[in-house]
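Each chain gets a letter, A, B and so on, in the order its sequence line appears, and its residues count up from 1.
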Number of protein chains: 2
Amino acid sequence: MKSRRTRSQTQVLDLLKQLENAISAQELYAQLKQRKISVGLATVYRALESLKLEGVVQVRTLPSGESLYSPAQADTHHLTCLRCGNSIEVTECPVHGLEHHLNESHQFQIFYHTLEFFGLCETCQLKGAS
Amino acid sequence: MKSRRTRSQTQVLDLLKQLENAISAQELYAQLKQRKISVGLATVYRALESLKLEGVVQVRTLPSGESLYSPAQADTHHLTCLRCGNSIEVTECPVHGLEHHLNESHQFQIFYHTLEFFGLCETCQLKGAS
DNA sequence: TTTACTGCAAAGCATTTGCAGGGCG
DNA sequence: CGCCCTGCAAATGCTTTGCAGTAAA
């Protein structure tokens with residue numbers, strides 16, 4: 001067995017909890033540096049990976065391929081414009097019943113879910129296709 | 001105004017409709033070649049981008065950063081293991097009411113949504129953290 | 001002819017991996 | 001002393017972009 005949390009894991013998790021919004025690994029790395037916490041980018045990724053498997057951190061992967069990390073309790077979802085990429089937060093969430101159901105029917109240990117709506121925002125609808 | 005569909009857009013969309021499952025741009029490119037349809041990879045990406053904005057193709061971005069494309073009518077969601085990456089399809093979907101609601105409350109033109117549950121599958125639960 | 005589409009190759013970027021040094025038990 | 005954690009730099013892989021040739025209107 002190994003120690004429950006490494007130093008970098010603790011630092012990363014602490015910062016994630018302090019921040020209000022989900023954040024990318026790159027930004028997280030920058031923020032840590034800014035706070036005089038010396039850590040390598042690869043280490044940030046490795047810490048996030050472990051925390052993810054532990055179930056304390058959740059991930060949302062953007063269409064750009066970038067991933068945003070946040071503590072795994074938030075139940076915030078998104079309404080995203082396919083054209084400009086802007087996201088609006090959605091707090092309503094009708095899937096918890098289903099989550100419990102899947103948990104049992106598939107023997108899965110579900111940590112969290114992501115729900116995202118895609119389309120065109122009002123502004124981008126006016127611009128037409130291109 | 002431009003022609004409604006370019007040749008490559010038609011080819012890409014036709015193939016997407018023929019296939020049962022969502023497919024990556026790279027695979028799509030390979031499949032087209034295999035069918036003797038000469039097309040560049042960049043063109044495949046550009047066609048997918050246009051079809052996406054048109055609302056006829058939907059995208060799901062995997063944690064790996066790779067994106068899977070499919071015709072935008074499927075209402076298939078996923079239960080994904082954070083450790084091994086395997087996905088199980090989920091056909092239940094309790095979010096349509098919310099979708100309609102958001103459509104109106106935010107002046108968004110919603111094309112589709114993604115819903116994904118993350119956790120550990122039965123097999124990976126047994127392996128413990130590492 | 002004029003404009004938009006296409007293909008190739010080069011670039012861009014987030015993420016992952018190899019490896020050697022360092023810290024902790 | 002030995003093992004895991006770290007950090008740097010190199011490598012990977014998907015996607016995007018620049019540019020010149022091509023097809024279409």
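- Using modelled atom types and a 3.5 Å distance limit, the side chains of Q18(A) and R35(A) yield a donor-acceptor pair.
- Across all strands, S67(A) comes closer than 4.0 Å only to sugar-phosphate atoms, never to a base (heavy-atom distances).
- Taking every heavy atom of residues 30-42 of chain A and every atom of DNA chain C, pairs under 4.0 Å involve L41(A), A42(A), by number.
- Of the listed nucleotides (dC5(D), dC14(D), dT16(C)), dC14(D) has the atom at the smallest distance from the side chain of Y45(B).
- In this structure a side-chain-to-backbone donor-acceptor pair under 3.5 Å is present from Q125(A) to Q107(B).
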Could you go over nucleotides 1-3 of chain D and give all protein N or O partners under 3.5 Å, atom names and distances?
none

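- Nearer to the 5' terminus of DNA chain D, by closest-nucleotide assignment, is the contact made by T43(A) (compared with the other of S24(B) and T43(A)).
- Using a 4.5 Å heavy-atom cutoff, the side chains of E99(A) and C93(A) are not in contact.
- Remark on DNA chain C: of its neighbouring residues R46(A) and S8(B), the 5'-side contact belongs to S8(B), judged by nearest-heavy-atom nucleotide.
- With no hydrogens or angles considered, a side-chain donor-acceptor pair links H77(A) and H113(A) at under 3.5 Å.
- For Y112(B) (side chain) and V59(B) (main-chain N/O), a donor-acceptor pair under 3.5 Å exists by modelled atom type.
- Residues E89(A) and T76(A) bring no donor and acceptor atom of their side chains to less than 3.5 Å of each other.
- Under the 4.5 Å side-chain criterion, counting only non-hydrogen atoms from C-beta, V12(A) is not in contact with T43(A).
- Rounded to whole Å, the distance from CG on L53(A) to P on dT16(C) is 11 Å.
- Through direct or relayed side-chain contacts under 4.5 Å between Ile, Leu, Val, Met, Phe, Trp and Tyr, L68(B) connects to L62(B).
- When each of dT6(D), dT6(C), dA14(C) is scored by its nearest atom to the side-chain atoms of Q26(A), the top-ranked nucleotide is dA14(C).
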